[in-house]
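Input: a single structure, listed below in C-alpha cells.
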Amino acid sequence: MFTIKGKTTDWELVIGLETHIEVLSNSKLFSGASANYNPTIAPNTQVSMVDAAMPGMLPVLNEFCVEQAIKMGLGLNAEISRKSKFARKQYFYPDLPQGYQISQPAEEPPVVGRGWVEIMGDDGKPKKILIERAHLEQDAGKLKHDVHPTKSFADYNRTGVALLEIVTFLDTKNPENNSYITSPDEAERYLREIREIARALGVSKANMEEGSMRADVNVSVRPVGSNEFRTRTETKNMVSFKFIKSAIEYEARRQIEIYETGGTVSQDTMRYSQSEGTTSVMRSKEDALDYRYFPDPDLLPLEISDEMIERIKQTMPELPAATRARYISMGLNEYDAARLTESTDISKWFDTAVNGKSERAKPIANWMISELFAHPENWDAKNAVDTSEQGEARIITPENLAELVDMISANEINGKQAKEIFIKMLDGESGTPKEIADRFGMKQITDTGAIEKAVDDIIAANPAQVEQYKSGKVGLLGFFVGGVMKATGGKANPAVVNELLKKKLA
Amino acid sequence: MAFSKQQLKKFADLIRIDISEEKLEKMNIDSVIEWLDKLQKINTTGVEPMLNPAEHKLPRRADVVTDGNIRDLVLSNAPDNAGISRGYFAVPKVMDE
C-alpha cells in the first residue's frame, strides 16, 4: 500500500478523478459545425451561430455523440439511464459565449450511471475502481492572451465539441471495499485504463498531449488504517500522467503538514504549477462558484431505448479487461496480462505473434516484457502490426518473434542463441530468425554423441573439480556446464548437457 | 422570507447585473418571494417535473457537418472588432480560471 511517512504517523491517500474525454464525432454535440478543432485550422471557421450563442439559435442533439456515450458506458460496466436531462451550468468566462455550459444535472443520473473499471492495484492484484457517473457536456473554446496588449482573443472552434466527463465514485458507506484509487500509480493506471477503453471503442483519442483527455484530481489524506474520509481538495485541468502523479503527491504532503501542525484542510480548488511541481490555492471554499444548474429549456429529456442499447452492445469489441482474462486463461499471470493490455496496439501485437497457438503465449509474453519493452526505440507496437506503415522501421515483427520462440521449443536453437539472434535483429540484421541462424551457423547440438564427447573431455581435464563435486560441492555443476557450452561454441542443448553431466558425475 | 440588501447584491453579481446602490436600496422583491413561498408549499411528492408542455420527443441530428465556415458572418456580430482582422473575437483581457 502506498503511504507517506509523516512526523507523527504514516498517512494513506484517497483519490477521486474527474476525467474529461473528447468524444470522436464529425460534428459538434448541439450544432452542425465540424468538431475538428486542431491547431492548424483557422480560428472561428468551425463555428455556427449556435456555437457563437447568437440569440434565437437552438441546440439540436447529435445522436452519434449519445451512441458514443452509451458505448463508453458499456465499456465502464455502467448502467445506462433510459431517461436523463440536459442542464445549464452557469459561468461567465469568455471561452464559452453562451454564458453557460450545456451539461447534465449534478444531482440526477446522467446518461451513464454507476459502473466500474478494473485496474492492477499496487499489490499486483486486480482492483475494481467504482465509477459514479459519466455525462455529456460541451467543451469550451480557446483563449489567446499574447496577441493583443489589452485584450484576449477567443477562438470558438472547440466550443460545443462533445465531452464525456467520467467521475469516480467514493463509496463512503463501504470504505473497507477499497474500491477507489489510493496512490499516484493507481491514478495513472486508472487513467490509462480509461484511455485504452475509449480507444478500443473508438469513443475518443483520449490523448493527454493533444488535450483530448484532461483530469481534475481530488485528494484527501488520513492516518493509515483509518476508514474516515477527510476534506478533499480539487486540482484542476491536469494534462499529463507525470504531472498528475506529482500533483497528487505534493498535495498529499501539503495536507499532511497542515494536519501535523494542528491545522485543518479547507475544501479549496487548487492549481498546479508545472514548472515548480507545486499546488496552490486557486479558489477558496468561500469563493466556490455557484453554477445554478437548471434544466435547459431548449432541450427535452434524453430518452434512450432498450433497442438502441442492444444494438450498440452488438458492436462492442473485446475490452482490455476481457483481453486480460483471455490471456490468463492462456497461462499468463496477472502481471503479464496487465502489461500486455496497456494498449490495444500491444495486445494486438501479442495476439498476432501467438496466432492462436496458446503454447506460444508464455514465451512470447516473456520475450515481449523482458526484451521488447526494454527497447522501445526498436519496437513500435503500432507500426509492427500495421504493415502499411514504415515497413523499413519494423525491426522485430510478431511473426519473427513467433518463429524465434518456435525454434527454441523445437530445440533448433537454445536460449543463448535465441538471444543472439534477437540482438542481431535489433541491430538491423535482415531476414527471419531461421535465415539469421543459418547465416551465422547457429544450430543447437542435440546429438548426444557430440555432447557426450565434450562432457567426457571436461571431466577428464578437471579431476580436482570432479573430486570436490563428488564430495558434495554440487554448485560446481555450473562450472562443468559452462565448460561444455564453451567447447561446443554455445551450441549444445543445455538440458542435454545438464542431464549427461549429472549422470556421469554421479 | 425577505431578502437583505447583501443577498440581493450577491444575486445580482451572480447573474452579472449591475445595480446601483440606490436602486438596491429601493428594490423590493418581497411580493415575488411571497409568491415563490406559496409555490413551495404545494405538495409535489411523486409528481415528475414537467420540463416542457409539448408532447414531442427530443429531436436528434445525424452526425453530419452541415454548418460552420461562416467566419465573417459570425464575427460580424462581434461587439469589439479588435480581433476581426486576425479571425478572432476580442474580449477584455482575462487570465486564469
Side-chain angles (χ1 to χ4, degrees), chain A residues 25-28 30-36 42-52 54 60-67 85-86 90-95 97 99 141 143-145 147-157 236 271 282-283 290 292 295-297 299-303, chain B residues 3 6-18 36 39-40 44 46-97:
Chain A
S25 64
N26 297 318
S27 61
K28 295 184 178 180
F30 294 112
S31 90
S34 166
N36 183 1
N44 292 306
T45 53
Q46 320 284 46
V47 180
S48 75
M49 292 295 177
V50 177
D51 308 318
M54 291 303 156
V60 186
L61 180 65
N62 182 341
E63 174 146 49
F64 181 68
C65 293
V66 177
E67 288 182 21
K85 292 173 197 159
F86 288 106
Q90 331 273 330
Y91 72 89
F92 295 96
Y93 197 69
D95 62 0
L143 296 176
K144 280 188 184 297
H145 304 294
V147 192
H148 193 280
T150 58
K151 295 178 190 302
S152 293
F153 280 4
D155 171 13
Y156 294 135
N157 281 347
K236 289 270 196 192
R271 81 161 63 76
M282 175 167 118
R283 219 168 22 230
D290 182 349
R292 296 168 299 125
D296 192 315
L299 292 157
L300 289 158
L302 168 62
E303 289 180 50
Chain B
F3 277 87
Q6 283 80 359
Q7 281 173 306
L8 282 174
K9 178 88 180 72
K10 195 190 164 208
F11 293 143
D13 287 347
L14 272 176
I15 54 176
R16 298 293 194 276
I17 293 178
D18 193 14
L36 288 174
L39 282 182
Q40 294 284 6
T44 55
V47 181
E48 211 178 309
M50 184 183 72
L51 294 176
N52 196 300
E55 285 287 319
H56 60 253
K57 302 269 181 207
L58 175 70
R60 304 178 188 191
R61 303 184 351 259
D63 183 30
V64 189
V65 177
T66 55
D67 210 338
N69 262 324
I70 46 166
R71 178 159 83 182
D72 293 347
L73 206 55
V74 166
L75 287 176
S76 69
N77 290 296
D80 182 338
N81 62 16
I84 291 182
S85 63
R86 288 187 157 97
Y88 291 99
F89 285 92
V91 297
K93 196 118 182 153
V94 283
M95 300 301 269
D96 261 326
E97 177 65 7

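Just so we're on the same page: letters track the sequence lines, and every chain starts at 1.
Neither the backbone nor the side chain of B:Asp72 comes within contact range of chain A, judged by heavy atoms closer than 4.5 Å. For A:Pro97, no part lies under 4.5 angstrom from a heavy atom of chain B. Looking at A:Ser34, both its backbone and its side chain come within 4.5 Å of chain B, counting heavy atoms on both sides. Only the side chain of A:Pro94 has a heavy atom closer than 4.5 Å to any heavy atom of chain B. In this structure, the portions of A:Ser25 lying under 4.5 Å from any heavy atom of chain B include both its backbone and its side chain. Contact of B:Val64 with chain A is made through the backbone alone, with heavy-atom distances under 4.5 Å. Heavy atoms of A:Gln90 lying under 4.5 Å from chain B are absent altogether.
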Would B:Asn77 and A:Met49 satisfy side chain to side chain contact (heavy atoms under 4.5 Å, CB included), going step by step from the backbone distance to the final call?
CA-CA 10 Å; B:Asn77 290 296; A:Met49 292 295 177; 3.9 Å; yes
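A:Ser152 places a side-chain N or O within donor-acceptor distance of the main-chain N or O of B:Val94, the cut-off being under 3.5 Å. With A:Asn44 contributing its side chain and B:Gly87 its backbone, the two residues share a donor-acceptor pair below 3.5 Å. When atom types are taken as modelled, the side chain of A:Arg292 and the backbone of B:Leu14 share a donor-acceptor pair closer than 3.5 angstrom.
Interatomic distance, A:Leu143 CG to B:Lys93 NZ, rounded to the nearest 0.5 Å: 10.5 Å. Between the CD atom in A:Gln46 and the CG atom in B:Asp67 there is a gap of 10.5 Å [rounded to 0.5 Å]. With rounding to the nearest 0.5 Å, the separation of CG in B:Leu73 from CE in A:Met54 is 9.0 Å. Separating the CG atom in B:Asp63 from the CG atom in A:Asn26 is a distance of 4.0 Å, to the nearest 0.5 Å. Atom CZ in B:Arg60 sits 6.5 Å away from atom CG in A:Leu61 (nearest 0.5 Å). Note: B:Arg61 CZ to A:Phe30 CZ = 9.5 Å, rounded to the nearest 0.5 Å.
What you find for B:Ala90 and A:Phe153 is that their closest heavy atoms are CB-CE1, 3.8 Å. Nearest heavy atom pair, residue A:Ala42 against residue B:Arg71, reads CB-NH1, 3.7 Å. Of all the heavy atoms in B:Val74 and A:Ala52, the pair that sits closest is CG1-CB, 3.9 Å. When all heavy atoms of A:Ser27 and B:Ala62 are compared, the closest pair comes out as OG-O, 4.5 Å.
Looking at B:Pro49 and A:Lys85, their side chains come closer than 4.5 Å, going by heavy atoms from C-beta outward.
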